[in-house]
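Notes for the one structure printed next.
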Amino acid sequence: SQSQPEQEDTPITRFQRYLRIKTAHPNPDYASAVSFFTSEVHSIGLKTLTLEFSPGKPLLLVTWPGSDPSLPSILLNSHLDSVPAEPSKWLHPPFSATRTSDGKIYARGSQDDKCIAIQYLEAIRNLRMKRKFQPLRTVHISYVPDEEIGGFDGAAKFAASKEFQDLNIGFMLDEGQASTTDEFRVFYADRSPWHLIIKAVGMPGHGSRMYDNSAMENLMKSMETISRFRENQFDLVKAKVAANSEVISVNPVYLKAGTPSPTGFVMNMQPSEAEAGLDVRLPPTADPDLLRKRIADEWAPATRNMTYQISEKGPIRDYMGRPLMTLTNESNPWWSVFKQAIIAAGGKLSRPEILASTTDARYMRQMGIPTLGFSPMINTPILLHEHNEYLKDSVFLKGIEVYESIISSLSSFKGGSVEASTQVQ
Ligand SMILES: [Zn+2]
Ligand SMILES: [Zn+2]
């Protein structure tokens with residue numbers, strides 16, 4: 001064909017344009033992303049509102065008013081930011097959004113989660129402009145900053161705000177994860193993230209000496225203990241006793257030790273301090289107190305002069321002390337509407353799962369709002385945070401159709417008395 005795809009204005013090229021905006025940390029270009037969405041939203045005749053709970057960190061709210069604004073609304077959430085990428089290790093530059101001849105669109109954020117940001121809007125565009133669909137309930141989209149660094153200046157402040165309360169949200173969708181089979185995955189809970197730092201101290205000494213209680217020895221002993229715990233948890237997964245997301249994961253993400261020299265490190269000196277950083281994730285079913293005790297007694301024991309610091313990145317329980325889980329049975333009418341909408345779009349849904357990672361959904365679940373994690377990507381490898389993250393064009397386009405079905409169903413749901421019983425478990 002004579003067409004020049006890059007100059008067209010289609011759902012795919014709009015996806016590519018968004019992927020090219022560098023919203024990766026540590027310096028996400030939120031301003032460009034917000035101005036991109038603002039003009040897209042205005043082009044379909046809807047209004048936007050920019051909120052700024054923290055300077056330089058805008059949150060864009062899109063509203064499609066329903067015919068009965070007194071009914072609780074629907075919120076579709078997507079984070080604007082991405083994790084960094086190492087360009088030299090990619091097949092195609094991570095902000096090029098290169099589309100290969102077999103339809104793969106390579107970009108950081110193509111799966112996590114810029115796809116859903118565009119799909120929400122394209123689905124609304126089709127429903128509104130082509131199908132002249134009129135929602136009964138108001139539909140909102142929120143484009144939020146800082147999810148990848150904990151969401152404290154984004155979704156956390158948003159969920160706690162008066163503006164959020166005024167939206168009167170009855171049900172929410174947030175990101176999920178790709179499915180390697182032909183069944184869509186859906187998530188009713190997240191794991192809670194802890195950042196754990198353990199520190200060891202000891203006498204420095206000559207690199208040739210063997211002596212007890214060096215900082216390195218103390219840290220290495222802890223790492224061995226942690227590795228055993230990690231293997232036990234992993235064995236449960238390998239034996240298929242539990243899913244990856246149903247156990248406690250602990251993974252070292254940095255190690256820091258050594259006496260620096262101009263050419264690297266002093267090699268004949270055992271250092272007096274050593275430190276490790278670990279990413280820990282707890283499923284909502286795990287007892288956080290037991291893990292705290294294990295860390296104090298075994299992973300960083302004071303008897304070996306070790307200290308530790310746990311930072312819990314967001315809520316693990318709701319205000320009543322209950323685990324943050326959205327019901328996925330017939331007692332939650334939103335669940336039934338969602339499930340039917342997937343089937344109506346010709347899709348299959350696998351058994352609801354806990355998400356192995358963590359999303360902004362936890363802040364909304366904490367407010368008692370039933371929230372499901374969902375990203376319509378089937379027959380797709382799970383590439384979030386990896387090199388060569390990509391999404392196939394055909395999968396992306398099918399996702400728009402799926403959201404048309406979901407958004408039209410949810411926004412038409414009449415609810416009634418049954419809605420009042422919809423609670424987070
Ligand atoms: Zn994400
Ligand atoms: Zn992510």
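Residue indices begin at 1 and follow the sequence shown. We use all heavy atoms of the structure for the numbers below, so side chains are in, but hydrogens, waters and symmetry mates are not. In each ligand, atom 1 is the first atom listed, and ligand 1 is the first ligand listed.
Taking a cutoff of 4.0 Å between a charged side-chain nitrogen and a carboxylate oxygen, E273 and K199 do not qualify as a salt bridge. Classification of E183 and K348 as a salt-bridged pair fails, no side-chain N sitting under 4.0 Å from a carboxylate O.
The main-chain N or O of E8 is found under 3.5 Å from a side-chain atom of T13 such that the two form a donor-acceptor pair.
D112 lies close to the Zn ion (ligand 2), since one of its N, O or S atoms is found at a distance under 2.8 Å. Counting backbone and side-chain atoms alike, H385 contributes an N/O/S atom closer than 2.8 Å to the Zn ion (ligand 2). The Zn ion (ligand 2) has no N, O or S atom of D113 closer than 2.8 Å.
Ring geometry, Y18 versus F36: the interplanar angle falls under 30°, so the pair is classed parallel (tilted spans 30 to 60°).
The minimum distance between the Zn ion (ligand 1) and any N, O or S atom of E175 involves atom OE1. E148 contributes OE2 as its N, O or S atom closest to the Zn ion (ligand 2).
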**Report entry** Candidate pair F171 and F413, rule ring pair (Phe, Tyr, Trp, His ring centres under 6.0 Å), full reasoning
**Finding:** CA-CA 11 Å; F171 178 76; F413 175 51; 9.3 Å; no

